[in-house]
Amino acid sequence: MTQPVSPPRDTAGKTPPAGRLPLRRVLPAHADVRTLSLLGVLAALVVIGGITRPDEFLDTRNLQLVLTQASVIGVVTVGMTFVITSGGIDLSVGAIVALASVWATTVATQEYGFAGILFTAMIVGLGCGLVNGLLVAYGGMVPFIATLAMLASARGLALQITDGKTQIVSVDGLLKLGERDSYVLGIPPLVLVFAIVTVVGWLVLNRTTFGRRTVAVGGNAEAARLAGIDVRRQRLYLYLLSGLCCGIAAFLLIVLSGSGQNTNGNLYELDAIAAAIIGGTLLSGGRGTITGSVLGVLIFTTITNIFALNNLQSDVQQIAKGAIIVAAVLVQRRTASTT
């Protein structure tokens, strides 16, 4: 005799409402749709660029430039994705990039060569991340206020170090990384670094206990604490990670520009937050996606490149970015309401 098929049950053993699938089945479907949508937007932008400026946009050197420019803000966005996933925010990333870039390009630092510049940039990034983490995790400060204070302080210190002047890099080994002779199979070294950071970030967020704890803290910090997670220590680690990514990005920016300036990283915090949001990372925390954030970075960088090639004003570009952010947030709200 044929046995009746029982309806699916959720993790608590309860039968979900009629017409509704368990949440664990719905979210992957939404994630796939979101990723495909972002790929569709990126493909549409490539088509638009190819139509408006076929000779320039589709040129190999221009595509390499787009990826290289995306690498710097992309590394920052990977760190930002972790922070936002945990329910936090970091408004100081652009200022940290500026401070790390000017500190690493002082005459005293350049005397230690390539390794000295790289080490200094990463240590400055980690130091700033440590201060942010201590203020938020153990000082009880709201992330918005703590990182806003770091933004002002880091910008001021960067200006004080440079006295408003550009610091030129004279280390040959570092400058050669930006030349075409150093490309690997036609791929700039900066892009390779970005790819490595992306892969490592994806593995950490999706395949490690650290990543699961990050999502848990962002979803419900009190429940995570009751489950045995040290929420304060986790938040400290996350801001350290964000600071480290800023240090790496500062080094990439030094290679790209061959200099250090106190204006470096201007508005990086807004670009990183926007890229993470349109990629599918919830601003309220509890869900993050490295793949979506990277696609968001590529979308914004491609838009900037198309506008530049077509000699369109930057204000129109900012309006377009704003419209994309609003649309992404509305999609997030609709997706959340259906789950």
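The closest donor-acceptor contact from the side chain of Thr109 to the backbone of Thr105 lies at 3.5 Å or more, if one exists at all. Formation of a donor-acceptor pair under 3.5 Å by the Thr120 side chain with backbone atoms of Ile117 is not found in this model. Here the side chain of Gln167 pairs no donor or acceptor atom with the backbone of Val107 at under 3.5 angstrom. Arg155 places a side-chain N or O within 3.5 Å of a backbone atom of Asn262 that can act as its donor or acceptor partner. The backbone N or O of Phe57 sits less than 3.5 Å from a side-chain atom of Asn62, completing a donor-acceptor pair. Judged by distance alone, with hydrogens and angles left aside, the side-chain atoms of Ser92 form no donor-acceptor pair with the main-chain N or O of Ala95 at under 3.5 Å. Checked by atom type and distance alone, the side chain of Ser182 pairs as donor or acceptor with a backbone atom of Lys176 at under 3.5 Å. Between the side chain of Arg53 and the backbone N or O of Ile306, no donor-acceptor pair lies under 3.5 Å. A donor-acceptor contact shorter than 3.5 Å is absent between the side chain of Glu56 and the backbone of Gly49. Counting only distance, with no hydrogens or angles, the side chain of Asp163 and the backbone of Lys165 share no donor-acceptor pair below 3.5 Å.
Checked by atom type, the side-chain pair Thr166/Ser259 shows no donor-acceptor distance below 3.5 Å. Judged by distance alone, the side chains of Asn132 and Ser242 never bring a donor and an acceptor atom under 3.5 Å apart. A donor atom on one side chain and an acceptor atom on the other are found under 3.5 Å apart for Gln234 and Thr214. Side-chain N/O atoms of Ser170 and Gln110 include a donor and acceptor closer than 3.5 Å.
Both Leu192 and Trp202 belong to a common hydrophobic cluster when Ile, Leu, Val, Met, Phe, Trp and Tyr are linked at side-chain heavy-atom distances under 4.5 angstrom. The same ILVMFWY cluster, assembled from side-chain heavy atoms under 4.5 Å apart, contains both Ile96 and Val72. Under the 4.5 Å side-chain heavy-atom criterion for Ile, Leu, Val, Met, Phe, Trp and Tyr, Ile290 and Val83 are members of distinct hydrophobic clusters. Hydrophobic clustering of Ile, Leu, Val, Met, Phe, Trp and Tyr side chains at less than 4.5 Å, counting indirect connections, unites Leu241 with Tyr138. Taking hydrophobic clusters as Ile, Leu, Val, Met, Phe, Trp and Tyr residues chained together by side-chain heavy-atom distances below 4.5 Å, Leu99 does not share a cluster with Met150.
The line from OG of Ser71 to CG of Leu298 is 9.0 Å long, rounded to the nearest 0.5 Å. Atoms CG and OH, from Leu126 and Tyr239 in turn, are 15.5 Å apart once rounded to the nearest 0.5 Å. The structure places OG1 of Thr302 at 9.0 Å from CG of Leu63, a figure rounded to the nearest 0.5 Å. Annotation: the span from Thr147 atom OG1 to Glu269 atom CD amounts to 9.0 Å, rounded to 0.5 Å. Taking CD1 from Ile299 and OG1 from Thr304, the interatomic distance works out to 12.0 Å, rounded to the nearest 0.5 Å.
Using a 4.5 Å cut-off on side-chain heavy atoms (C-beta onward), Phe82 and Tyr237 make no contact. The closest side-chain heavy-atom distance from Ile84 to Leu283 is below 4.5 Å. Contact of the Leu130 side chain with the Leu236 side chain is registered, since non-hydrogen atoms from C-beta on lie closer than 4.5 Å. For the pair Ile273 and Leu91, the minimum side-chain heavy-atom distance is below 4.5 Å. Between Trp103 and Ile123 there is no side-chain heavy-atom pair separated by less than 4.5 Å. By the 4.5 Å heavy-atom criterion applied to side chains, Phe300 and Asp271 are not counted as neighbours. Looking at heavy atoms from C-beta onward, Val76 lies out of side-chain contact with Cys245 at the 4.5 angstrom threshold. In this structure, Leu309 and Thr52 have side chains that are not in contact, with every pair of non-hydrogen atoms separated by 4.5 Å or more.
Closest approach of Ala249 to Val75, counting heavy atoms only: N-CG1, 4.1 Å.
Tested against Val193, the residues Val255, Leu252, Thr198 include a single side-chain contact (heavy atoms from CB on, under 4.5 Å) partner, Leu252.
Ring orientation note: the planes of Phe114 and Phe251 are nearly perpendicular, at an angle over 60° on the 30°/60° scale.
The pair Arg225-Glu222 meets the salt-bridge criterion, since a charged nitrogen lies less than 4.0 angstrom from a carboxylate oxygen.
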